[in-house]
Q: 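Here's a structure for you.
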Amino acid sequence: MIRGCSQIKNPSKEPITFYKKLINRGFPTPNSFTLAFVLKACANICAVLEGKQIHTHVVRMGLGFSPFVQTGLVNFYAKCGEIVLAKNMFDEIPERNVVAWSTMISGYARMGLVNEALGLFREMQIAGVLPDEVTMVSVITACAASGALDLGEWVHAFIDKYVIKVDLELSTALVNMYARCGCIERSKKMFDEMPKRDTKAWSSMIVGLAIHGMAEDALEVYSRMLEDNVKPNQVTFIGVLSACAHSGLLNEGWRYWTSMAEFRIEPLMEHYGCMVDLLCRSGHVEDAYEFVQTMHISPNPIIWRTLLMGCKKKVNLDKGEIAAQRLLQLEPLNPENYVLLSNLYAASSQWEKVTSVRKKMKENGMKTNPGCSSIEIDGFVHEFVVSDRSHPEGILIREMLRDMSERVRRTGHDPWTSDVLHDVGDEEKESSLCEHSERLAIAFGLLKTKAPVVVRVVKNLRVCVDCHEVTKIISKIFEREIVVRDRVRFHRFVNGACSCKDYW
DNA sequence: TTAGGGTTAG
């Protein structure tokens, strides 16, 4: 019964209730099967307190020797985000089989703890445990999160070398990984070669094309999906709508939004987010504001932030201040929100208000998340933060930066300084732009590799307008393809143009 | 009757 009611579509507390009844009854005594099932039920609904209680039962009943219960505990803690406790449990397992290793690696991968996941994968090999296709799904997922193509390629080669079965789940993970590592061609190739594709596989391809700004392709894949009689789900529509948003396809976006009802798909916060983004970026900030008013769920901070960003871009102080107010009510402690508001004021040349927002941040001891870009060279990931001077090859990088700036300047480029927050002189603004982390990473990439090697950079924030312009110019004068993955999408710079067609 | 896996807005 406990296992049976865990397997129905919508996970509930029911299996845990059954377990409680069993305990209260006092007979029969739970065994390793019972505990493994109920732990799984706790993991499914993130029932942290119940799961911890069951952990004490495990100890009391002396069932901690069962590999099924051990893995069940690791999985329970990992799924509930208690990753340290999960690792403690994992470390206590005397004989770890492939399932135990996979559970722990998957826990790390799901939380985006890339280095931990990959480190554990290496330890697993040292321990002499052979990974299977389930292990590799998590390892590939970690590669996707890292954005490091070389790493993903290495793991893919590993899969081939050890003849690990590439099933539906693993090929979907590979489609996703190649897209997220900036190689959309390989992603498409993996997808085309799949013998069978389900909703998740199609959605993965659609989302991949969307983050590359290839809206037409994404929508074409979507119609092929329908022709194939595969039902779209909520995630599919997140892909379709974000594809429209990333390419400014306003009418199409509305059409797909309306069509969701035909598939009986209720819009989630994410779908509203895509629509707000679509409206804002296509210049309809007022409509976006009205749209938010019609939402049948209460807007979350991301919705308000998207709107605020749109207001900053289109310089709509009115609606921007309202969005900021709502945002700060919900998230008064997130420094990013104050930066956005300050940016809105800067864009409207309201320098006094900029100062007052900055002052407030300082008073509350808020620190912003610095821009950070990484680039992989010969298997090492090099990280750069804004104005970074810590790299051992810093002097060479500085020289390269100067060379880049000089050559860019000679093309007549006029630095776009309004993205620089502070009310300082133009010269200072210009020099702080030149030290944005992506420029440091690109300079390093140009130094360390030769054409036709593609310079691939991953950034934690969005690219600023000036860096975007400059990277276009660099791709032309240095005759290099440069691929930048920013916080939400890819930019592929070739011969002076970007794949996003300057719409992002 | 046991355990681990793929797609998710800014």
Side-chain angles (χ1 to χ4, degrees), chain A residues 1-4 7 31-40 43 63 66-76 78-79 90 93 96-107 109-110 131-141 144 166-177 179-180 191 194 197-208 210-211 232-246 267-278 280-281 299-310 327 336-337 340 461-462 486-489 504:
Chain A
M1 278 312 293
I2 291 170
R3 187 174 185 225
Q7 287 170 339
N31 62 12
S32 63
F33 289 74
T34 329
L35 288 163
F37 296 151
V38 73
L39 279 170
K40 168 100 176 184
L63 290 169
S66 155
F68 297 95
V69 174
Q70 292 164 348
T71 317
L73 281 166
V74 175
N75 185 51
F76 155 69
K79 289 259 162 62
F90 175 77
I93 301 177
R96 299 172 199 133
N97 61 17
V98 60
V99 182
W101 285 97
S102 304
T103 308
M104 195 61 229
I105 294 172
S106 133
R110 196 175 306 105
D132 63 10
E133 65 274 16
V134 181
T135 323
M136 297 321 288
V137 166
S138 299
V139 178
I140 286 290
T141 303
V166 181
D167 60 9
L168 179 63
E169 287 84 353
L170 186 49
S171 35
T172 306
L174 284 162
V175 168
N176 180 47
M177 182 275 286
R180 293 196 178 274
F191 180 75
M194 286 175 76
R197 307 178 188 102
D198 64 359
T199 302
K200 286 184 184 176
W202 286 99
S203 306
S204 183
M205 189 71 256
I206 293 168
V207 170
I211 57 178
N233 66 7
Q234 292 173 314
V235 182
T236 318
F237 274 98
I238 294 172
V240 166
L241 296 178
S242 72
C244 295
H246 287 304
L268 298 175
M269 197 66 83
E270 285 88 339
H271 301 105
Y272 285 110
C274 290
M275 291 308 288
V276 174
D277 191 32
L278 171 62
C280 281
R281 286 204 238 178
N300 72 355
I302 298 180
I303 300 282
W304 292 117
R305 207 151 35 234
T306 308
L307 190 59
L308 177 53
M309 274 189 291
L327 181 57
E336 202 186 325
N337 299 338
L340 276 174
L461 307 174
R462 300 228 66 182
D486 78 8
R487 187 146 138 191
V488 300
R489 62 164 294 159
W504 89 95

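Just so we're clear, the structure is a prediction, and the values are computed from it rather than from any experiment. So you know, we letter chains A, B, ... as the sequences are listed, proteins then strands, and number each from 1. Computation of the quantities below employed the complete heavy-atom set of this structure, encompassing side-chain atoms and omitting hydrogens, waters and symmetry-equivalent molecules.
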Q: List for me each residue that meets side chain to side chain donor-acceptor pair (under 3.5 Å) alongside A/Gln7, sequence neighbours excluded, and say none if there are none.
A: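 Counting only residues at least two positions away or on another chain, A/Gln7 forms no side chain to side chain donor-acceptor pair (under 3.5 Å).
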
Q: Students often get this wrong, so: under 4.0 angstrom with heavy atoms, is A/Ala201 touching a base, only sugar-phosphate, or nothing?
A: base

Q: What is the distance from CD of A/Gln7 to P of B/dT1, rounded to the nearest Å?
A: 13 Å

Q: What does A/Phe37 touch in the nucleic acid at a heavy-atom separation under 4.0 angstrom: a base, only the sugar-phosphate, or nothing?
A: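 Base contact - A/Phe37 has a heavy atom under 4.0 Å of at least one base atom.
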
Q: Looking at B/dG4, I'd like to know if its phosphate oxygens (OP1 or OP2) sit under 4.0 Å from a side-chain N or O belonging to A/Lys40.
A: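 Affirmative; the distance criterion is met.
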
Q: I want to verify a distance call: between B/dG10, B/dG6, B/dA3, whose nearest atom is closest to the A/Asp198 side chain?
A: B/dG6

Q: Give A/Arg305 one of three labels, base, sugar-phosphate or nothing, depending on what nucleic acid heavy atoms sit under 4.0 Å from its own.
A: base

Q: Do the side chain of A/Thr103 and the base of B/dG4 come within less than 3.5 angstrom through a donor-acceptor pair of N or O atoms?
A: no

Q: Would you say the side chain of A/Thr172 and the base of B/dG6 hold a donor-acceptor pair, judged only by whether the two atoms sit under 3.5 Å apart?
A: yes

Q: For A/Asp132 and B/dG6, give me the distance from atom CG to atom C1', rounded to whole Å.
A: 14 Å

Q: Quick one: is B/dA9 close enough that its OP1 or OP2 comes under 4.0 Å of any side-chain N or O from A/Arg487?
A: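 Checking B/dA9 against A/Arg487, no side-chain N or O comes under 4.0 Å of OP1 or OP2.
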
Q: Under the side-chain contact (heavy atoms from CB on, under 4.5 Å) rule, collect the residues that match up with A/Tyr272, sequence neighbours excluded.
A: A/Trp257, A/Pro267, A/Phe291, A/Met295, A/His296, A/Ile297, A/Ile303

Q: What is the distance, to the nearest angstrom, from the CG atom on A/Asp277 to the C1' atom on B/dA9?
A: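 Between C1' of B/dA9 and CG of A/Asp277: 8 Å.
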
Q: With sugar-phosphate meaning primed atoms plus P, OP1 and OP2, does A/Leu307 contact a base, only sugar-phosphate, or nothing at under 4.0 Å between heavy atoms?
A: nothing

Q: Without decimals, in angstroms, what is the distance between A/Phe90 CZ and B/dA3 P?
A: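 Distance check: A/Phe90 CZ to B/dA3 P gives 19 Å.
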
Q: Looking only at the side chain of A/Lys200 (C-beta and beyond, no hydrogens), which of the listed nucleotides B/dA9, B/dA3, B/dG6 gets closest?
A: B/dG6

Q: Suppose we screen for side chain to side chain donor-acceptor pair (under 3.5 Å). Which residues come up paired with A/Thr135, at least two apart in sequence or across chains?
A: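 Listed in chain order: A/Ser102, A/Asp132.
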
Q: Is A/His246 close enough to B/dA9 that one of its side-chain N or O atoms is under 4.0 Å from OP1 or OP2 there?
A: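 No, outside the criterion.
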
Q: Counting the atoms with a prime plus P, OP1 and OP2 as sugar-phosphate, which does A/Gln234 contact under 4.0 Å by heavy atoms, base, sugar-phosphate, or nothing?
A: nothing

Q: Donor-acceptor check, side chain of A/Thr103 to backbone of A/Val99, threshold 3.5 angstrom: yes or no?
A: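 Yes.
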
Q: Scan A/Ser32 against the nucleic acid and name what it touches under 4.0 Å (heavy atoms): base, sugar-phosphate only, or nothing.
A: base

Q: Nearest 0.5 Å, please: how far is CD in A/Glu133 from CG in A/Leu170?
A: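 These two atoms lie 7.5 Å from each other.
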
Q: State whether the side chain of A/Ser242 and the backbone N or O of A/Gly239 hold a donor-acceptor pair below 3.5 Å, judged by distance alone.
A: yes

Q: Determine: side-chain N/O of A/Asn176 to OP1/OP2 of B/dT7, distance under 4.0 Å, yes or no.
A: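 So the side-chain polar atoms of A/Asn176 do come within 4.0 Å of the phosphate oxygens OP1 or OP2 of B/dT7, strictly under.
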
Q: A/Val69 near the nucleic acid: base, sugar-phosphate alone, or nothing, with a heavy-atom cut-off under 4.0 Å?
A: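 Nothing, no heavy atom under 4.0 Å.
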
Q: Have a look at A/Thr135 and say if it touches a base, only the backbone sugar-phosphate, or nothing, with a 4.0 Å heavy-atom cut-off.
A: base

Q: The side chain of A/Phe33 lies closest to which of these nucleotides: B/dG10, B/dT1, B/dG6?
A: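 The answer is B/dT1.
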
Q: For A/Lys40, which residues count as a side chain to side chain donor-acceptor pair (under 3.5 Å) partner, sequence neighbours excluded?
A: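 A/Lys40 satisfies side chain to side chain donor-acceptor pair (under 3.5 Å) with no other residue.
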
Q: Starting the side chain at C-beta, find the nucleotide from B/dG4, B/dG10, B/dA9 nearest to A/Val99.
A: B/dG4

Q: Pair A/Leu241, A/His271 - check side chain to side chain contact (heavy atoms under 4.5 Å, CB included), show working.
A: CA-CA 7 Å; A/Leu241 296 178; A/His271 301 105; 4.0 Å; yes

Q: Which residues within residues 267-275 of chain A lie with some heavy atom under 4.0 Å of an atom in DNA chain B?
A: A/Met269, A/Glu270, A/Gly273, A/Cys274

Q: Could you list the residues that satisfy side chain to side chain donor-acceptor pair (under 3.5 Å) with A/Asn337, not counting sequence neighbours?
A: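 With neighbours one apart ignored, the set is A/Arg305, A/Glu331.
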
Q: At under 4.0 Å between heavy atoms, what does A/Leu168 touch on the DNA or RNA strands: base, sugar-phosphate, or nothing?
A: base

Q: Once you apply a heavy-atom cut-off of 4.0 Å, does A/Asp486 come out as touching a base, just sugar-phosphate, or nothing?
A: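 No contact at all - A/Asp486 keeps every heavy atom at 4.0 Å or more from the nucleic acid.
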
Q: Using only heavy-atom distances, decide whether a donor-acceptor pair under 3.5 angstrom links the side-chain of A/Ser203 to the base of B/dT7.
A: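 For A/Ser203, whose side chain was compared with the base of B/dT7, there is a donor-acceptor pair (under 3.5 Å).
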
Q: Quick check for you: among B/dA9, B/dG5, B/dT7, whose closest atom lies nearest to any side-chain atom of A/Asn233?
A: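 Comparing B/dA9, B/dG5, B/dT7 against the side chain of A/Asn233, the answer is B/dT7.
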
Q: Spell out yes or no: do the side chain of A/Asp167 and the base of B/dG5 have one donor N/O and one acceptor N/O closer than 3.5 Å?
A: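 Present.
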
Q: Atom CG of A/Leu340 and atom P of B/dG10: how far apart are they, to the nearest Å?
A: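 Computing the A/Leu340:CG to B/dG10:P distance gives 14 Å.
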
Q: Nearest to the A/Thr141 side chain among B/dA3, B/dG6, B/dG10, which nucleotide is it?
A: B/dG6

Q: Respond yes when some side-chain nitrogen or oxygen of A/Arg110 is under 4.0 Å from OP1 or OP2 of B/dG5, and no when none is.
A: yes

Q: Over how many whole Å does the gap from A/Gln70 atom CD to B/dG4 atom P extend?
A: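 The answer, rounded to whole Å, is 14 Å.
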
Q: Nearest whole Å is fine: how far is B/dG5 P from A/Glu133 CD?
A: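 My rounded result for the distance is 13 Å.
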
Q: When you get a sec, tell me which of B/dG5, B/dT7, B/dG10 is the closest nucleotide to the side chain of A/Met309?
A: B/dG10

Q: Measuring from atom CG of A/Leu39 to atom CG of A/Asn75, what distance do you get when rounded to the nearest 0.5 angstrom?
A: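 The CG atom of A/Asn75 is 9.0 Å from CG of A/Leu39, to the nearest 0.5 Å.
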
Q: Taking the side chain of A/Lys79 as its heavy atoms from C-beta onward, which of B/dG10, B/dG4, B/dT2 lies nearest to it?
A: B/dG4

Q: Measure the distance from CD1 on A/Ile140 to C1' on B/dT7 and round it to the nearest whole Å.
A: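 Rounding to the nearest Å, CD1 of A/Ile140 and C1' of B/dT7 are 15 Å apart.
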
Q: Could you please name the option among B/dG6, B/dA9, B/dG4 that lies closest to any side-chain atom of A/Val98?
A: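 Closest nucleotide to the A/Val98 side chain: B/dG4.
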
Q: Quick check for you: among B/dT1, B/dG10, B/dT2, whose closest atom lies nearest to any side-chain atom of A/Asn31?
A: B/dT1

